[in-house]
*Asks:* 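Here it is, the structure, as structure tokens.
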Amino acid sequence: MSTSKILPYASVVVKLLKGPVEYVEKGAWEKLLQYKVELTGFLQQLGLLLVLDEQDGYAFVKHALSEDDEAYVSWTQRRSFSYEESIMLVLLREMMAEFEISESASRELIKKRREIKEYAELFFKEGASRIKFLKEIDRLIDKVEESGFLHKMENHEVIDEQKFRIRKIIKAKVDSEALDNFQQQLMAHAGGVEAAE
């Protein structure tokens with residue numbers, strides 16, 4: 001019985017099909033960089049593109065073909081977000097943009113749940129019940145974490161003191177155009193509120 005040789009980057013392909021790979025995953029990241037040419041060629045044969053940002057330290061795959069294409073095969077999970085979840089993603093991306101223009105010596109943006117909630121409260125409309133409102137923001141944070149844009153650094157007995165790393169992959173998923181659109185909507189909304197007053 002002959003066993004065919006396993007590709008040296010097979011484990012990285014499997015990881016990429018499950019989700020993004022980041023520089024913090026040392027072994028996988030080093031292998032990804034070592035075999036990036038071979039990986040790119042192999043993934044192209046599957047109808048996938050390797051998106052690699054060495055500076056920010058993340059990589060992911062996306063479909064090279066559209067769903068209308070006859071040869072299209074779905075390899076990666078598609079996630080759809082509600083309007084509120086989309087706003088939370090844009091807010092986190094906004095926090096990342098502010099962090100990157102600051103003079104921080106840190107490479108990673110780490111925020112407590114409380115800090116994310118305080119930032120988000122400025123953009124979400126508070127309903128009749130404050131407790132319900134804060135629970136909804138917590139739910140949105142959990143959903144974004146589940147979707148891979150936040151990485152919980154530690155569990156804390158006080159939930160608001162939990163620390164999250166905002167993953168740089170958010171820059172690829174929420175581009176500067178989406179940020180600009182969001183800013184314009186905010187300005188239009190603020191103008192509407194002023195006019196109503």
Side-chain angles (χ1 to χ4, degrees), residues 18-25 29 51 53 55-60 62 76-197:
K18 289 180 180 176
V21 174
E22 293 181 289
Y23 79 96
V24 290
E25 304 167 70
W29 184 251
V51 178
D53 188 320
Q55 185 179 338
D56 280 332
Y58 64 81
F60 64 96
K62 67 179 186 178
T76 58
Q77 269 187 327
R78 284 190 180 269
R79 293 187 178 100
S80 59
F81 298 100
S82 70
Y83 176 72
E84 288 80 11
E85 290 160 4
S86 298
I87 290 176
M88 180 59 80
L89 280 175
V90 172
L91 291 175
L92 291 171
R93 176 65 179 90
E94 179 86 2
M95 289 174 92
M96 177 68 75
E98 288 174 10
F99 170 74
E100 289 186 334
I101 59 171
S102 73
E103 297 296 314
S104 174
S106 172
R107 181 174 181 180
E108 296 296 340
L109 173 56
I110 296 169
K111 291 284 184 187
K112 291 181 180 180
R113 181 183 286 265
R114 171 179 45 79
E115 294 171 309
I116 296 171
K117 283 164 78 169
E118 286 167 0
Y119 193 84
E121 278 185 75
L122 303 171
F123 301 94
F124 285 103
K125 196 173 174 187
E126 189 174 336
S129 164
R130 176 143 182 89
I131 293 167
K132 224 171 162 182
F133 171 70
L134 292 174
K135 273 187 180 170
E136 175 60 11
I137 292 181
D138 273 324
R139 185 194 70 77
L140 293 172
I141 291 170
D142 293 339
K143 178 71 177 176
V144 170
E145 182 203 359
E146 193 182 293
S147 300
F149 295 104
L150 287 174
H151 174 251
K152 193 186 292 175
M153 304 290 289
E154 59 183 30
N155 274 320
H156 199 284
E157 52 193 54
V158 178
I159 194 168
D160 276 352
E161 294 302 307
Q162 286 173 339
K163 286 184 181 173
F164 293 93
R165 176 171 59 88
I166 300 176
R167 298 175 73 186
K168 293 198 178 199
I169 186 80
I170 201 165
K171 290 168 65 176
K173 301 293 182 174
V174 183
D175 60 15
S176 55
E177 188 180 328
L179 273 184
D180 290 344
N181 289 342
F182 181 66
Q183 293 287 3
Q184 287 169 10
Q185 285 177 11
L186 281 180
M187 284 163 56
H189 176 72
V193 169
E194 283 172 21
E197 287 170 357

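Nothing here was measured: the structure is a model prediction, and the numbers come from that model. Residue indices begin at 1 and follow the sequence shown.
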*Asks:* Could you walk me through whether F149 and I166 pass side chain to side chain contact (heavy atoms under 4.5 Å, CB included), step by step?
*Replies:* CA-CA 6 Å; F149 295 104; I166 300 176; over 6 Å; no

*Asks:* Quick one: list whatever passes side-chain contact (heavy atoms from CB on, under 4.5 Å) with R165, sequence neighbours left out.
*Replies:*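 In terms of side-chain contact (heavy atoms from CB on, under 4.5 Å), with neighbours along the sequence ignored, R165 is linked to E22, V24, E108, I110, H151, M153, R167.
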
*Asks:* Return the set of residues passing side-chain contact (heavy atoms from CB on, under 4.5 Å) with I131 (not counting sequence neighbours), or none when no residue passes.
*Replies:*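 Applying side-chain contact (heavy atoms from CB on, under 4.5 Å) to I131 gives S129, K135.
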
*Asks:* Applying side chain to side chain contact (heavy atoms under 4.5 Å, CB included), run through M95 and L92 and close with a yes or a no.
*Replies:* CA-CA 5 Å; M95 289 174 92; L92 291 171; 4.1 Å; yes

*Asks:* Closest approach of E25 and P20, non-hydrogen atoms and distance?
*Replies:*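 In this case the closest contact between E25 and P20 is OE2-O, 4.0 Å.
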
*Asks:* For K152, check side-chain contact (heavy atoms from CB on, under 4.5 Å) against everything at least two apart and list the hits.
*Replies:*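 Result, side-chain contact (heavy atoms from CB on, under 4.5 Å) vs K152: E145, N155, Q162, F164.
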
*Asks:* Between G57 and W29, what is the shortest heavy-atom contact and its length?
*Replies:*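 What the structure gives for the nearest pair is C-CH2, 3.5 Å.
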
*Asks:* Applying side chain to side chain contact (heavy atoms under 4.5 Å, CB included), run through H156 and K112 and close with a yes or a no.
*Replies:* CA-CA 10 Å; H156 199 284; K112 291 181 180 180; over 6 Å; no

*Asks:* Roughly how far, to the nearest 0.5 Å, is CZ of R114 from CD of E161?
*Replies:*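 Those atoms lie 4.5 Å apart.
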
*Asks:* Using salt bridge (charged side-chain N to carboxylate O under 4.0 Å, His left out), reason through E121 and R130 one step at a time and then give a plain yes or no.
*Replies:* CA-CA 11 Å; E121 278 185 75; R130 176 143 182 89; 2.7 Å; yes

*Asks:* Are any non-hydrogen side-chain atoms of E100 and D56 less than 4.5 angstrom apart?
*Replies:*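 They are in contact (side-chain heavy atoms under 4.5 Å apart), so the answer is yes.
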
*Asks:* Quick one: list whatever passes side chain to side chain donor-acceptor pair (under 3.5 Å) with E136, sequence neighbours left out.
*Replies:*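 Only R139 meet the side chain to side chain donor-acceptor pair (under 3.5 Å) criterion with E136.
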
*Asks:* Quick check on salt bridge (Lys or Arg N to Asp or Glu O under 4.0 Å): which of K111, R113, K117 does D160 satisfy it with?
*Replies:*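 Answer to the salt bridge (Lys or Arg N to Asp or Glu O under 4.0 Å) test with D160 among K111, R113, K117: K117.
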
*Asks:* So which atom in I169 and which in F60 form the shortest heavy-atom distance, rounded to 0.1 Å?
*Replies:*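 Minimum heavy-atom separation between I169 and F60: CD1-CD2, 3.1 Å.
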
*Asks:* Applying side-chain contact (heavy atoms from CB on, under 4.5 Å), can you list everything that pairs with Q55, at least two apart in sequence or on another chain?
*Replies:*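 Testing Q55 for side-chain contact (heavy atoms from CB on, under 4.5 Å), a comparison that skips the adjacent residues, returns D53.
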
*Asks:* Compare every heavy atom of V144 with every heavy atom of L89, then report the nearest pair and how far apart it is.
*Replies:*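 Of all heavy-atom pairs spanning L89 and V144, the closest is CD2-CG1, 3.9 Å.
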
*Asks:* Ring pair (Phe, Tyr, Trp, His ring centres under 6.0 Å) with F99: which residues, sequence neighbours excluded?
*Replies:*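 F99: no ring pair (Phe, Tyr, Trp, His ring centres under 6.0 Å) contacts found.
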
*Asks:* Would you check, one step at a time, whether the test side chain to side chain contact (heavy atoms under 4.5 Å, CB included) holds for K168 with Y23?
*Replies:* CA-CA 10 Å; K168 293 198 178 199; Y23 79 96; over 6 Å; no

*Asks:* For A120 and I137, which heavy atoms make the closest approach, and how far apart are they?
*Replies:*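 Heavy atoms only, the tightest pair is CB-CG2, 4.2 Å.
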
